[in-house]
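Every chain is numbered from 1, with letters handed out A, B, ... down the list of sequences.
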Amino acid sequence: MFATVSDQLLTWYDAHARALPWRVGPGEAQPDDPAWPYRVWLSEVMLQQTTVAAVKPYFKAFTQRWPTVFDLAAASEDDVMAAWAGLGYYSRARNLVKCAKVVAELGAFPATEDELRKLPGLGAYTAAAIAAIAFGEHAIVVDANVERVVARLFALDEPLPAARKAIRERTNSITPENRAGDFAQAMMDLGSQICTTRAPRCLLCPLSGDCAGRKTGEPETLPVKPPKKAKPERRGTAYWIEREGKVWLVTRAGTGMLGGMRALPDDGWSAQADGSGKPPMAGETTDLGAVRHSFTHAHLTLQVVRIEGQGTPAGEGVWWPLDELDGAGLPTLYAKAARLALA
DNA sequence: AAAGCGTGGGA
DNA sequence: TTCCCAAGCTT
């Protein structure tokens, strides 16, 4: 008997699937739960470019606070942004609110890949994943894990991103008619647990017998990726203005770096790479030190400077109680800066 | 269509 | 320490 690739993978998945809060399992929501598509959607958006370990606590907090898409649609954007703080890629949180409102207005999540693809924050991958996992559609789900597994399985040595067309065709060729959602998740589990980037565990792989990449002797070299660019160094200054147990916080512009997030006032480092902007008020300054932070596309050294001055700082802002700073929803960069100032 | 957009963990 | 990168999307 000749089991297909998908049969072998699904058999492996039935025995080795990771227990995750957004999957079927003891104590978790089941597919017949009315909020099932909501939970699949929420988890998929959170998982974009983000590790499972990082997502788990956020997923639990969100689903506890906003159990349905209607609850989320009714939430204030500020609350959602603050709840997302620390998870990164904050445009996801803005699109999350937009999407929830659209879905609430529709009355339910659309059930097809094509319709899902039109929602804010849902690209090719996420629309296909939700269609397959939440609605059982025979969708072709391709993420970075699938790219890696498929490139190795078929020994595709064309470099990314040009290889994506062939990868998609090959993925289509092995996606089963039934259980497309389980198949997608199985591919991702395999990619993250077995067919890993650096040192694939081929001895544990249910597909090793069919893997052309393994036969080459160096599957870890696939897929071939383009060289990366060096990250530029940036410098900037953030200001710590404290008065009567409160600190002055601003909300960053809606788009761009840390867009829409609460923050310490700064010198415009994200717009001016040399951090040549001005402080928000005059006064005596004290250098509190610097924090290092790396973004996807740049490294930053952020100087933290205390200002002791009179009156209200320039621009919009709020005096935020220091004993409630955890609830301010500061992204990690500014949480680091605050930690330094309070040390 | 190339570039911008966060973060934390592993090697 | 430094680099790489993880269930991508948007413009």
In the structure I gave you, are the side-chain heavy atoms of Phe154(A) and Thr171(A) within less than 4.5 Å of one another anywhere? no
Report the distance from atom [atom1] of [X] to atom [atom2] of [N], rounded to the nearest whole Å.
{"X": "Leu160(A)", "N": "dA1(B)", "atom1": "CG", "atom2": "C1'", "result": "16 Å"}
{"X": "Arg292(A)", "N": "dG6(B)", "atom1": "CZ", "atom2": "P", "result": "18 Å"}
{"X": "Gln48(A)", "N": "dG4(B)", "atom1": "CD", "atom2": "C1'", "result": "15 Å"}
{"X": "Met257(A)", "N": "dT10(C)", "atom1": "CE", "atom2": "C1'", "result": "16 Å"}
{"X": "Trp41(A)", "N": "dG8(C)", "atom1": "CH2", "atom2": "C1'", "result": "16 Å"}
{"X": "Tyr58(A)", "N": "dG6(B)", "atom1": "OH", "atom2": "C1'", "result": "10 Å"}
{"X": "Asp143(A)", "N": "dC5(C)", "atom1": "CG", "atom2": "C1'", "result": "13 Å"}
{"X": "Glu233(A)", "N": "dT2(C)", "atom1": "CD", "atom2": "P", "result": "9 Å"}

5'-most contact on DNA chain C: Val52(A) or Leu122(A), nearest heavy atom basis? Val52(A)
Counting only side-chain N and O atoms of Lys229(A), is one of them less than 4.0 Å from OP1 or OP2 of dA3(B)? yes
Nucleotide nearest His297(A) (side chain, heavy atoms from C-beta), chosen from dG4(B), dA6(C), dG8(C): dG4(B)
The side chain of His299(A) is closest to which nucleotide in this list: dC3(C), dC5(C), dA3(B)? dC3(C)
Is a salt bridge present between Asp33(A) and Arg39(A), judged by a nitrogen-to-oxygen distance below 4.0 Å? no
Between Lys225(A) and Glu147(A), does any side-chain N to carboxylate O distance fall below 4.0 Å? no
Sub-4.0 Å heavy-atom contacts from residues 18-29 of chain A onto DNA chain B, ordered by number: none
Sole residue of Phe109(A), Trp36(A), Phe135(A) in ring pair (Phe, Tyr, Trp, His ring centres under 6.0 Å) with Trp41(A): Phe109(A)
Check whether the side chains of Tyr38(A) and Thr63(A) place a donor and an acceptor atom closer than 3.5 Å, and report yes or no. no
Sticking with atom P, work out how far dT11(C) lies from dG6(B), rounded to a whole angstrom. 14 Å
Heavy atoms under 4.0 Å, any strand shown: does Ala144(A) hit a base, just sugar-phosphate, or nothing? sugar-phosphate
Sugar-phosphate, base or nothing in reach of Ala124(A), heavy atoms under 4.0 Å: sugar-phosphate
May I ask you to check whether over 12 heavy atoms, not counting those of Asn172(A), lie within 6.0 Å of atom CG? yes
Are Trp22(A) and Phe59(A) an aromatic pair, judged by ring center distance below 6.0 Å? yes
Close aromatic pair by centroid cut-off 6.0 Å: Trp84(A) and Phe62(A): yes
Tabulated below should be each protein N or O lying under 3.5 Å from an N or O of nucleotides 7-11 of chain B; please produce it.
from: dT7(B); atom 1: OP1; to: Tyr90(A); atom 2: OH; distance (Å): 2.8
from: dT7(B); atom 1: OP1; to: Thr332(A); atom 2: N; distance (Å): 2.7
from: dT7(B); atom 1: OP2; to: His293(A); atom 2: NE2; distance (Å): 2.6
from: dT7(B); atom 1: O3'; to: Thr332(A); atom 2: OG1; distance (Å): 3.4
from: dG8(B); atom 1: OP1; to: Thr332(A); atom 2: OG1; distance (Å): 3.4

Asp267(A) vs Tyr239(A), side chain to side chain donor-acceptor pair (under 3.5 Å): CA-CA, chis, key distance, verdict: CA-CA 8 Å; Asp267(A) 63 348; Tyr239(A) 300 100; 5.0 Å; no
With side chain to side chain donor-acceptor pair (under 3.5 Å) as the criterion, how do Arg292(A) and Thr301(A) come out once you've worked through the C-alpha distance, each side chain's angles and the decisive distance to 0.1 Å? CA-CA 5 Å; Arg292(A) 282 282 293 171; Thr301(A) 302; 2.9 Å; yes
